[in-house]
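All chains are named by letter (A, B, ...) in the order of the sequence lines, taking the proteins before the strands, and each is independently numbered beginning at 1.
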Amino acid sequence: MNHFKRYTVTAALPYANGPVHIGHLAGCYLPADIYVRYLRARGRDVVFICGSDEHGVPITIKAQKEGITPQQVVDKYHEQMKETFEKIGISFNIFSRTSSKTHHETASAFFLNLYNRGIFEELETDQYFDEKKGQFLADRYITGTCPNCGNTNAYGDQCEKCGSSLNPTDLINPVSALSGEKPVLRKTKNWFLPLDKLQPKIEEFINGHPEWKPNVLGQCKSWLTQKLQPRAMTRDLDWGVKVPLKGAGNKVLYVWFDAPIGYISATKELTPDWEKYWKDKETRLIHFIGKDNIVFHCIIFPAMLMAHGEYILPDNVPANEFLNLEGQKISTSRNWAVWLHEYLNDFPEKQDVMRYTLCANAPETKDNDFTWKDFQSRNNSELVAILGNFVHRTHVLVWKFFEGKVPASVEYTKNDLAALEEIKKIPQRITEAIETFHFRDALTEAMNLARTGNKYLTENEPWKANLNNPKRVQTVLNISLQICANLSVVLKPFMPFTSEKLRTLLNIAESGWDAAGNTQLLNENHQLGKSFMLFERIEDEPIQKQIDKLHNSMSVQMPNKAIPAVKTPVTFNEFGKMDIRIGAILTAERVAGADKLLKLKVDTGIDIRTVVSGIAKYYAPEKIIGQRVCLLVNLEPRKIRGIESHGMILMAENSDGKLIFVTPAEADAENGSSVK
RNA sequence: GGCGAGGUAGCUCAGUUGGUAAGAGCGUCGGAUUCAUAACCCGGAGGUCGAGGGUUCAAUUCCCUCCCUCGCUACCA
């Protein structure tokens, strides 16, 4: 671990289509920041690299929806994210962006390098093309009927109803989201990274890192055993880094090709010395990411770097799991999130309270839950009661007995020596924990130093000793102050704002990590600053307000997010082709080996037929016997899981994606009645 | 269904290359204290370490089966 001369630390490039929330912080930016601040305090040569990821289809869609340009979208969120990160104390050396000129040049050059050396495979594939708009359509720009679940609003890459991933050509009745026209298939050429051929080298690389976190290794091995496939590194799109080849036309680099190169371009912008941070074997490259990025940072990006050949590979990728919020998954679209810019407004000067809570409860080994009650409790019973209180009582006593001047330590008792021993040991434990990416443990240890302080004060009662043993008071308070000074050092990576306040209280300058464990940080007679509180209690009211806000904003946002747009018009004749009838379910059973499917026998009034339906997630078979349904009876039969299905049950889908039977309200719609 | 990660005190989470390690913080109860933001300090209660089986002198820790949660993946006409 010590053979590295310098560090390149990256934090996942946040996608510039929305603000940053606590999940992002806890999963990636905060641990990265803690690590980097620690390294800096140790005097290590380190660059901390990040920036906004500004390409890709979702941004173009967002721009179209809002009637602005993609550039305007990314400008807005780039600035907002940058400001938020700064305010919460994420100390990037640079927060760049992938729309920058340097990045376009760097990414192009990288692509050309691989291209010129014949790394890519050129493949011609059929892609949908919008003749009216004269352009190829990104997967997301094509909607149509999902071949799996019949959802008529499936996207070309994925059906959000059944969750299956799709190819655009899988869609039935594809429609261009740009013009509303039916797109046509055209041949187009794209360049693929042959991950299949690189697999042995990638395996060798992964196997060389048994020290990586189990969740990271597990994911990688899962991918490797499923065998890697060539992956297209270019797309037919006009928003992104242009493919730097003649005749490439309207093509850009795949966002997952260009985004990680963003780390390199940002470093380039930061320093002319950038190469030593990327090409020198003595540099340790660390990627902090969330678990959704594991495959890109552990497999695809390293594969790109290997293919290039000049670059070092990541030495560790300490990915975190996900943070839940009040028991539910954080969801941008449902607005179930704590947005950091809002937090900073609602809780001014409390950056460290959030940093503390998120670090103490970080999803290091499994998904964790953030609750506002926990946030309150961490503030009140840990930051206020343990840390703040210890510092305050020490400070108050020193002012009371010594007018704010550091008293000399006179002679040490057994108790004193034990306390001094803790001052020396705890920083060692913190160091070890940080070095192995155990940030919650590290923080616990740091807090233990404050606990030690409280215990020490209580046991030695300097407020009593004053009357009959002034020397004792001096020594006890001296040691207590040394603990405070040590706290200002070891807390700095986690809570930089608090660390600074502590230094103001103690009236001392910032010191490096080697100061940690030093029991003589404050000299005799040194004048302390004036007293103030490090933290304040948070009462129930603001907490309840946040909880209410969360629930309210969710319910408000849900409907308009989830209601799909009206589809293209159809004629009466077209509709007339659909033969929809009332029927009743006679039997229902699960389909073996399928989680979503039920095999139903339905009385249609015309006949009794078998229908396979993807509703098993929502309805137990025994509960729907006798259920009246609407069904499309003249749909072409189709084999599903070996069972011939004759027709399709009509279901309503609510905003959660739950499917609900469409049922005649009155009994005299007998089986076989047609629905018009 | 397949793959991966988890299921440990009321809550949030550590831990075990198999044997005095069943732990921490918070919460709770009792006590002590008043320098301190009803804070601090001491002590107690609380868990058959998801369930069942196996290997072993010994399993929470290894093996098998099953259940539950999360992620990816398959099935959705």
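Of the two residues contacting RNA chain B, namely A:Val591 and A:Ala360, the nearest-nucleotide position lying further toward the 5' end is that of A:Ala360. Heavy-atom nearest nucleotides on RNA chain B were determined for A:Ala450 and for A:Leu457, and the one closer to the 5' end corresponds to A:Leu457.
Between B:rG46 and B:rU55, the two C1' atoms lie 33 Å apart (nearest whole Å). When the C1' atom is used for both B:rG47 and B:rC11, the distance is 14 Å, rounded to whole Å. Nucleotides B:rA39 and B:rG52 have their C1' atoms positioned 49 Å apart, rounded to a whole Å. Taking atom C1' on both B:rA32 and B:rA21, the two are 30 Å apart, rounded to the nearest angstrom. For the C1' atoms, the distance from B:rU8 to B:rG2 is 28 Å, rounded to whole Å. Remark: the separation of the C1' atoms in B:rC66 and B:rC29 is 39 Å, to the nearest Å. Nucleotides B:rA51 and B:rC3 are separated by 23 Å at their C1' atoms, to the nearest Å. Remark: the separation of the P atoms in B:rU28 and B:rA38 is 16 Å, to the nearest Å.
Both distances falling under 3.5 Å, in either a Watson-Crick or a G-U wobble arrangement, place B:rA51 opposite B:rU65. When Watson-Crick and G-U wobble pairs are counted only if both distances are under 3.5 Å, B:rG71 pairs with B:rC3. Searching all strands for a Watson-Crick or G-U wobble partner of B:rG27 with both distances below 3.5 Å returns nothing. Remark: B:rU20 base-pairs with no nucleotide; criterion is Watson-Crick or G-U wobble with both hydrogen-bond distances under 3.5 Å.
Relative ring orientation between A:Phe370 and A:Phe375 is described as tilted, the plane-to-plane angle lying within the 30° to 60° band. Aromatic ring pairs are classed by plane angle as parallel below 30°, tilted from 30° to 60° and perpendicular above 60°; the pair A:Trp212 and A:Phe205 is perpendicular. Ring pair A:Phe437/A:Phe439 is perpendicular by interplanar angle, where above 60° counts as perpendicular and below 30° as parallel.
Residues A:Arg451 and A:Asn448 bring a donor and an acceptor atom of their side chains to less than 3.5 Å of each other. A:Glu382 and A:Tyr356 share a side-chain donor-acceptor pair at under 3.5 Å.
In this structure, A:Lys455 reaches the B:rC42 phosphate: one of its side-chain N or O atoms is under 4.0 Å from OP1 or OP2. For B:rU69, neither phosphate oxygen OP1 nor OP2 lies less than 4.0 angstrom from any side-chain nitrogen or oxygen of A:Lys366.
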Original post:
Are A:Asp579 and A:Arg581 close enough, and set up right, to give a salt bridge (Lys or Arg N to Asp or Glu O under 4.0 Å), and what steps lead you there?
Top reply: CA-CA 7 Å; A:Asp579 191 346; A:Arg581 305 293 180 113; 2.6 Å; yes
**OP:** For A:Trp372 and A:Phe347, run ring pair (Phe, Tyr, Trp, His ring centres under 6.0 Å): C-alpha distance rounded to whole Å, both residues' side-chain angles, the deciding distance at 0.1 Å, then the answer.
**Re:** CA-CA 13 Å; A:Trp372 279 107; A:Phe347 295 92; 5.7 Å; yes
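Separation of the A:His21 and A:His24 ring centroids falls under the 6.0 Å cut-off.
Each of A:Val384, A:Thr498, A:Asn379 was checked for a side-chain contact (heavy atoms from CB on, under 4.5 Å) with A:Val353, and the lone residue meeting it is A:Asn379.
Backbone-only contact: A:Glu636 has heavy atoms under 4.0 Å from sugar-phosphate atoms and none from a base. Nucleic acid contact for A:Val295: none, since no nucleic acid atom lies under 4.0 Å from a heavy atom of the residue. When heavy atoms are screened at a 4.0 angstrom cut-off, A:Leu397 is found touching base atoms of the nucleic acid. Looking at heavy-atom distances under 4.0 Å, A:Asp374 makes no contact with the nucleic acid at all. Counting non-hydrogen atoms under 4.0 angstrom, A:Phe322 reaches nothing in the nucleic acid. Residue A:Asp292 is classed as having no contact, given no heavy-atom separation below 4.0 Å to the nucleic acid. Contact annotation for A:Lys400: backbone-only contact, meaning every heavy-atom pair under 4.0 Å involves sugar-phosphate atoms and none involves a base. Among the heavy atoms of the strands lying under 4.0 Å from A:Val384 is at least one base atom, whether or not backbone atoms are also near. Residue A:Leu224 is classed as having no contact, given no heavy-atom separation below 4.0 Å to the nucleic acid.
Computed from coordinates, the A:Glu364 CD to B:rA5 C1' distance equals 15 Å when rounded to whole Å. Residue A:Asn215 contributes atom CG, which lies 13 Å from atom P of B:rG7 at whole-angstrom precision. B:rC72 atom P lies 12 Å from atom CD1 of A:Ile294, rounded to whole Å. Across the protein-nucleic acid pair, A:Leu217 atom CG and B:rA5 atom P stand 9 Å apart, rounded to whole Å. One atom, CD of A:Glu321, and another, C1' of B:rU69, lie 13 Å apart when rounded to the nearest Å. Nucleotide B:rA38 holds its P atom 14 Å from the CG atom of A:Asn454, rounded to whole Å. The separation between A:Leu383 atom CG and B:rA36 atom C1' is 16 Å, rounded to whole Å.
Side-chain proximity of A:Lys329 to the nucleotides B:rC40, B:rU37, B:rG71 is greatest for B:rG71.
In this model, a side-chain donor or acceptor of A:Arg393 finds a partner on the base of B:rC35 within 3.5 Å.
Environment of CD in A:Glu203: crowded, with over 12 heavy atoms of neighbouring residues, nucleotides or ligands closer than 6.0 Å.
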Subject >> Nucleic acid footprint by protein, nucleotides 22-33 of chain B - heavy-atom cut-off 4.0 Å, B for base, S for sugar-phosphate alone >> reply: ---SSS------
